[in-house]
Every structure is written in C-alpha cells, then in structure tokens.
2 protein chains.
Amino acid sequence: MATINDVAERAGLSVTTVSRVLNNRGYISEKTRRKVYDTMAELNYQPNEIARSLLRKQSNLIGLIVPNVSHPFFGELTDAIEYHAYRLGYKLLLCNSQLDPAKERDYIEMMKRHRVDGIIMGSHTLEVQEYRNLNYPLVTIDRRIDAIPYVASDNGRGGELAAELLIGKGCRKIAHFCGNLQLDMLSNLRTTAFEDKLRSHGITFITLQTDMNVFDQQEYERLMATLFQSHPDIDGVFATSDIIASFVIKWCRKLGKEIPQDIRIIGYDDVNAATWVSPAITTIKQPIEDMGRLAVELIRKQIDGEPFETENVLPVGLIERETT
Amino acid sequence: MATINDVAERAGLSVTTVSRVLNNRGYISEKTRRKVYDTMAELNYQPNEIARSLLRKQSNLIGLIVPNVSHPFFGELTDAIEYHAYRLGYKLLLCNSQLDPAKERDYIEMMKRHRVDGIIMGSHTLEVQEYRNLNYPLVTIDRRIDAIPYVASDNGRGGELAAELLIGKGCRKIAHFCGNLQLDMLSNLRTTAFEDKLRSHGITFITLQTDMNVFDQQEYERLMATLFQSHPDIDGVFATSDIIASFVIKWCRKLGKEIPQDIRIIGYDDVNAATWVSPAITTIKQPIEDMGRLAVELIRKQIDGEPFETENVLPVGLIERETT
DNA sequence: ACGATTGTGTCAAACGATTGACATGTCAAA
DNA sequence: TTTGACATGTCAATCGTTTGACACAATCGT
C-alpha cells in the first residue's frame with residue numbers, strides 16, 4: 001500500500017506539502033493541490049488511519065456491546081446507533097456478549113486495547129464495580145450505574161400504560177412476562193409499575209420471568225405451556241417484548257382462544273416484527289431511533305468534553321393494534 | 001493511559017524486558033514476569049493495539065457490510081460472523097449500507113483507511129468494476145464477481161424445492177415474490193429455478209419484485225393489495241424471505257383465506273421469525289451459521305496466505321411447518 | 001524598492017510498541 | 001576452568017503520519 005512518502009516522491013513534492021493538502025493547513029497553490037490529488041488517485045493512496053490514530057490519540061471508533069444483534073430490539077437499536085455514529089464520522093465495533101460475563105469482560109478489554117473513543121453498553125452482565133473502574137467514555141442502555149450516563153425509555157410509564165389499557169378493556173386475570181429480575185436493569189420498572197397498578201385495582205396477576213435478551217424459543221414454549229395449563233382462564237397478557245407477545249399469540253391460536261375477544265395481549269418495544277404477525281401486536285413503543293441517537297451523542301459529548309445529562313429517560317407511547 | 005514505558009519505569013525494568021514478557025520471547029525469570037504483570041495491573045495498563053497494528057501491519061479488524069442489521073437474515077448472519085470472528089481473534093467493524101451506493105463506497109474507503117484485514121460484503125450495490133479494483137481480502141455473500149471468493153447457499157435448489165412442494169400439494173396458480181432482479185445476485189437463481197419448474201409442469205404463476213433487503217412495510221402492503229385484487233384465485237405463494245411470507249399470511253387472514261386449505265405459503269431463509277408467526281412458516285432453510293463461519297474462514301485464509309475455494313455453495317433444506 | 005503575503009522545502013520529534021544486534025552478568029554443569 | 005544456558009540491559013530503527021520551527025523564493029501592493 002502506498003504511503004504519503006510514495007505520493008510525495010511521485011508528485012515531486014515534500015511529504016510536508018502533501019500532508020498540508022491532506023489536512024488543509026498552510027498555503028497551497030491550486031496547482032499543487034491538484035497534483036497531489038491526481039497522484040493520490042494514481043497510486044490508489046489511502047491515508048493510514050492507524051498512524052493517524054496513534055498520533056492524534058483518537059481512533060474514531062465506538063464500541064457497542066449488545067447481548068445479540070439478531071434480537072429485533074437490539075438489531076434496530078444497532079441500526080440507529082450505526083446511523084448516527086456514521087453521521088458523526090465514527091465507525092462501529094460490534095460485540096455480542098451473548099450475556100456471557102466472560103465474553104463481555106474480554107470484549108471490554110479488547111476495546112480498551114484498541115483505544116475505542118467510547119463504549120455503548122447495551123449488555124451489562126458484570127458487577128457494578130467493574131464498570132465503575134472502567135474510567136472510560138461510557139454510555140449505558142437501560143441501566144443505571146452511579147454517575148455513568150444512561151439512556152432509557154420511561155419503563156415505569158410503559159408498565160403503567162399497559163396496565164391501564166388491559167384494565168380499561170376489562171381484563172380480570174392477567175399474566176405478565178418480564179425479563180430476568182435478578183439483572184439490575186431499568187426495564188424491571190415496567191414490572192413494578194405494572195404490578196402496582198393492577199394491585200391498586202385489585203386485579204389478579206401472575207408474573208413469569210424469562211430471559212428476554214437472548215431468546216430461547218424452547219424456553220418460551222415451555223413457559224407458555226405452563227402458564228396456560230395452570231391458568232387457562234387468564235384474559236390478559238402483558239409481555240415485556242413483542243417477540244414474547246408473538247409466542248403468546250401462537251399459543252392462544254393453538255388453544256382456540258380468540259384475540260382480542262377471549263384474551264387481550266400487549267407487547268413491548270414496537271419493533272418491526274410487531275406488525276409481521278397477525279393479529280398485529282398492540283404494544284408500548286420505545287423510541288429506539290432516539291435512544292440510539294442520544295447514546296451516540298452522549299459519547300461524542302464526553303469525547304469533546306462538552307457537558308451532558310446523566311439521566312436520559314425518553315417518553316414511551318401506546319400503539320394500539322389488533323391484539324387488544 | 002499508561003504506556004509500556006511507564007510500566008518499565010515503575011517496575012524498574014527496561015521496556016525491552018517488559019515487551020519480552022508481553023510477547024513471550026527470550027528468557028524471562030518467573031520473578032520478573034510476575035513483577036511485570038503486577039505493575040501492569042497496578043497501572044491498569046493495556047498494550048496499545050494501534051501502535052502494534054502500525055508496526056505489524058495488521059489491524060485484526062474485519063469489516064462487514066450489510067444492507068441493514070435489523071433485517072432478520074442479516075441480523076442472524078452478523079451474529080454468526082461475529083461469533084466466528086471473535087473465536088479467531090478478530091474484531092468486527094459493522095456497516096449498514098442501506099443499499100445506498102454512496103454510503104457503501106464511503107464505507108469501503110473508510111475500511112481501507114483503517115486497514116481492516118478483510119471485508120465481508122453482504123451488500124453490493126456498486127458496479128463490478130469497483131469491486132475488481134479493490135485489491136483486498138474480500139468475501140462476497142450471495143454474489144459472484146470474477147474470482148472474488150463468495151459464499152452462498154444453493155439458491156437454485158431452493159427455488160426447485162419450493163416449486164416441488166407447492167406442486168406436490170396441488171397448487172394450480174402460484175404467486176412468487178422475488179427480490180430486485182436488477183441487482184446481480186445469486187438469489188435470483190431461486191426465481192429462475194422456481195419458474196422453470198412451474199413452467200415444465202404447466203402451472204400458472206405471477207412473479208412480483210420487491211426489495212427484500214431493506215424492507216419497506218408500506219411497499220409490502222401495497223404489493224399484497226395489488227396481488228390479491230388482480231388474482232384472488234391464487235392458491236400458492238413462494239416468498240423469497242420469511243418476512244414477506246408473514247405479510248402474505250397477514251393478508252390472507254384479512255381476506256378470510258384459510259391456510260393451508262385455501263392457499264399454501266412457503267418462505268425462504270428460515271430465520272427465527274419464521275416461527276414467531278402463526279401458522280409457523282414452511283420455508284427453505286439457508287445454513288446461516290455455516291455461511292457466517294465460512295465467510296470468516298475465507299477471510300482468514302486470504303490473510304494467512306492459505307489456499308481457499310472461490311465458490312462456496314452450501315446446501316439448503318426444506319423445513320415444513322404449518323403454512324403448507 | 002520595501003515589506004507583506006504566498007508557496008514550498010528541510011529537518012526532526014512525536015505517537016507506542018516491537019525487534020534485532022550486541023553487551024554484560026550470574027550460575028551451574030562438565 | 002571453561003562453556004553454555006539463562007537473564008537483563010542499551011541502543012536504534014521501524015511502522016505512517018502530523019506538526020512546529022525555520023528557511024528561501026517568488027509575487028504583489030504601494
């Protein structure tokens with residue numbers, strides 16, 4: 001691969017001059033500028049970003065850790081993050097933790113070695129202490145750790161909205177699929193708020209935990225079987241992801257339950273997949289695009305030393321479709 | 001951030017010695033080795049991969065370009081690629097082209113500047129000439145360009161299997177949703193093989209083009225409306241992705257068509273989403289995991305100068321579920 | 001004709017690590 | 001006592017680029 005020296009030599013100029021046109025500094029005549037560009041094209045020269053990064057102490061890389069990009073929520077979030085990172089001139093280093101602490105730790109180390117400019121943590125399976133010691137531009141999705149800036153949507157409000165809708169539709173016995181409550185994530189607020197609301201209305205509910213971030217279809221199926229066997233009379237379901245909701249729909253069909261007459265279902269996230277199934281899923285919309293934009297923005301601000309908000313909670317919305 | 005000099009100084013050793021323990025070369029006493037590791041931990045030292053890359057002329061980065069990770073097929077493919085890249089010690093640079101040639105070109109340039117060790121092209125919207133001139137370790141997914149190694153699944157066989165199944169089930173008038181036939185992709189072979197088979201059996205068919213890689217829900221809906229309006233009597237559908245198939249299912253429900261009694265539907269890919277909808281989609285399975293593994297493997301072989309196959313066509317399979 | 005502006009050059013240091021050449025020393029085996 | 005393995009050190013070059021300091025011309029306005 002051609003270097004700046006090759007370009008300078010071939011163009012009959014000094015490296016300094018070539019560097020000057022590359023970086024737009026100092027006086028350069030139009031003729032020289034053109035000569036340099038021509039030669040660059042001729043040699044198919046691309047400035048070596050590695051050398052630049054070394055000198056500038058800036059890699060223009062952002063690390064993103066998610067449980068799994070093939071989960072619709074994280075896929076769409078990754079899309080949004082990639083879009084905004086690109087707009088700001090950053091490249092994205094993608095890591096799937098698979099919710100494996102060892103892999104997550106390993107990836108974080110790798111990223112630090114590669115001197116990424118910041119890390120967006122969509123997965124967080126480690127102990128709080130480890131994140132605290134990181135000492136790095138960081139943004140967390142859906143989890144609050146000390147003073148580390150985070151972006152989340154209003155999970156409490158989401159749970160409330162779901163409860164209100166189901167109550168309003170007259171449901172009397174409701175099942176709720178939530179994520180792993182052991183993990184310290186803000187999405188657990190959905191469950192808290194949802195249960196509080198139901199309790200205050202004296203409505204019966206059953207809460208079932210899943211691992212919503214890396215789906216295990218088998219586990220979902222087992223869970224559905226258990227639920228409908230022990231509680232054949234539930235008339236409402238609040239699932240903490242649209243994917244789980246789609247499994248509920250499947251199971252209802254299998255059991256001959258009419259949706260929404262016999263049972264009402266509400267999902268969460270409003271991923272594209274919510275409209276792929278029929279009936280289309282009523283859901284709580286997370287502003288995925290905005291969350292991605294904000295996450296990137298927060299990294300940028302930390303890099304540029306600008307002030308930033310630590311707590312970034314975005315509004316959610318109810319999207320009513322055909323399952324309620 | 002601490003450098004190797006800081007470590008050496010603090011440990012009372014020379015950089016050479018520290019470097020020797022880092023790289024496991026030459027004689028090192030157990031005592032010194034421990035001293036170095038302790039000091040590294042103390043200073044929270046991480047060797048600067050940027051400096052290493054510059055010297056070694058190896059970034060350990062693999063670039064991946066896909067139309068869009070939030071498309072289930074590419075999400076799952078990305079997962080597989082990430083998994084195997086990680087196993088081999090590579091990090092993944094993720095790029096969504098959004099099927100925008102300008103963005104794709106721009107990303108390719110960026111990747112070359114960053115000296116990624118190889119590029120996996122899951123999106124290819126540029127002119128053949130541009131890829132030819134790339135002169136870089138490259139692997140293409142589902143597209144054949146000169147001698148550039150590619151991985152694909154047996155699209156021809158896939159189309160054939162779909163046709164055989166539908167014919168076997170007694171369908172007489174079949175609709176086929178294919179991707180953009182203008183793009184020179186191997187997935188077009190599905191269409192060719194499918195149509196050939198139907199023709200040889202004297203079965204009527206209608207082929208409709210979509211842009212399957214970046215889904216536009218609106219477009220799908222429009223397409224469905226058109227199809228069922230002008231051909232209310234179709235009794236079989238072959239969709240070139242499971243997502244499109246799920247839209248067909250939706251539309252059939254809306255029109256009160258029973259699946260599979262009135263109409264049989266077969267999708268393509270066998271992504272997870274194929275089982276989220278009900279009835280679960282009968283589909284042609286692409287070995288996504290293997291495709292990802294092979295793609296990474298092909299990049300590695302090019303980097304390491306090992307011999308490799310240029311044509312890598314993996315077998316597909318029929319997964320019969322509930323829509324046929 | 002003077003000084004300012006413009007255009008280009010030379011030189012060297014710096015970024016953080018690796019590596020080869022070579023020197024020096026200790027210690028134990030032969 | 002000699003030899004060689006083991007252990008560590010010094011020194012300098014290298015990867016490709018940027019940048020500041022400084023020098024030297026040519027050209028321009030006045």
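Throughout, protein chains are lettered first and strands after them, A, B, ... in sequence-line order, and every chain is numbered starting at 1.
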Would you call Arg52(A) and Glu49(A) a salt bridge, using N to O less than 4.0 angstrom?
yes
To the nearest 0.5 Å, what is the distance between OG (Ser97(A)) and CE (Met121(A))?
7.5 Å
Roughly, in whole Å, what's the span from CZ in Arg33(B) to C1' in dT8(D)?
13 Å
What is the distance, to the nearest angstrom, from the NZ atom on Lys35(A) to the C1' atom on dG9(C)?
17 Å
Between dA14(C) (C1') and Gln58(A) (CD): distance, integer Å
17 Å
Contact class for Ile4(A) vs. all strands (heavy atom < 4.0 Å): base, sugar-phosphate, or nothing?
sugar-phosphate
Whether Asp38(B) and Lys35(B) form a salt bridge (side-chain N of Lys/Arg under 4.0 Å from carboxylate O of Asp/Glu) is what I want to check.
no
Rounded to the nearest angstrom, tell me the gap between atom CD in Glu9(B) and atom P in dT10(D).
12 Å
Exceeds 12 heavy-atom contacts within 6.0 angstrom, atom CD of Gln129(B)
yes
Are more than 12 heavy atoms from other residues, nucleotides or ligands located less than 6.0 Å from atom CG of Asn133(B)?
yes
Expressed as a whole number of angstroms, how long is the span from Leu55(A):CG to dC15(C):P?
9 Å
Mind calculating the distance between CZ (Arg113(B)) and P (dC15(D)) to the nearest angstrom?
22 Å
Asp146(B) vs Arg132(B) side-chain heavy atoms within contact, under 4.5 Å:
yes
Among residues 38-52 of chain B, which residues get a heavy atom nearer than 4.0 Å to DNA chain D?
none
Atom CG of Asn48(A) and atom NZ of Lys57(B): how far apart are they, to the nearest 0.5 Å?
8.0 Å
For a side-chain contact (heavy atoms from CB on, under 4.5 Å) with Asn155(B), tell me which candidate from Asn188(B), Val313(B), Leu186(B) qualifies.
Leu186(B)
Any salt bridge linking Asp304(A) with Arg300(A)? Criterion: basic side-chain nitrogen under 4.0 Å from a carboxylate oxygen.
yes
Per the end-axis method with five pairs at each terminus, what is the bend angle of the helix from dA1(C)-dT30(D) to dA30(C)-dT1(D), to 10°?
30°
Please figure out whether Gly26(B) or Lys57(B) has its closest DNA chain D nucleotide nearer the 5' end.
Gly26(B)
Measure the distance from CG on Asn5(B) to P on dC15(C) and round it to the nearest whole Å.
9 Å
In this structure, which one of Gln98(B), Glu104(B), Lys103(B) forms a side chain to side chain donor-acceptor pair (under 3.5 Å) with Thr125(B)?
Glu104(B)
Of the nucleotides dG7(C), dG16(C), dC6(D), which has the atom closest to the Leu54(B) side chain?
dG16(C)
Close side-chain approach of Pro149(A) and Gln302(A), heavy atoms under 4.5 Å:
yes
Provide, to the nearest angstrom, the distance between the CD1 atom belonging to Ile28(B) and the C1' atom belonging to dA5(D).
15 Å
Passing candidate, side-chain contact (heavy atoms from CB on, under 4.5 Å) with Ile299(A), options Leu294(A), Leu138(A), Val139(A), Leu64(A):
Val139(A)
Contact residues, residues 12-24 of chain A to DNA chain C [heavy atom, < 4.0 Å]:
Gly12(A), Leu13(A), Ser14(A), Thr16(A), Thr17(A), Arg20(A)
Let's see if you can work this out: which of dT17(D), dA5(D), dA17(C) has an atom nearest to the side-chain heavy atoms of Thr3(A)?
dT17(D)
Does dT18(C) have its OP1 or OP2 closer than 4.0 Å to a side-chain nitrogen or oxygen of Arg25(B)?
no
Below 4.0 Å: OP1/OP2 of dG7(C) and any side-chain N or O of Tyr27(A)
no
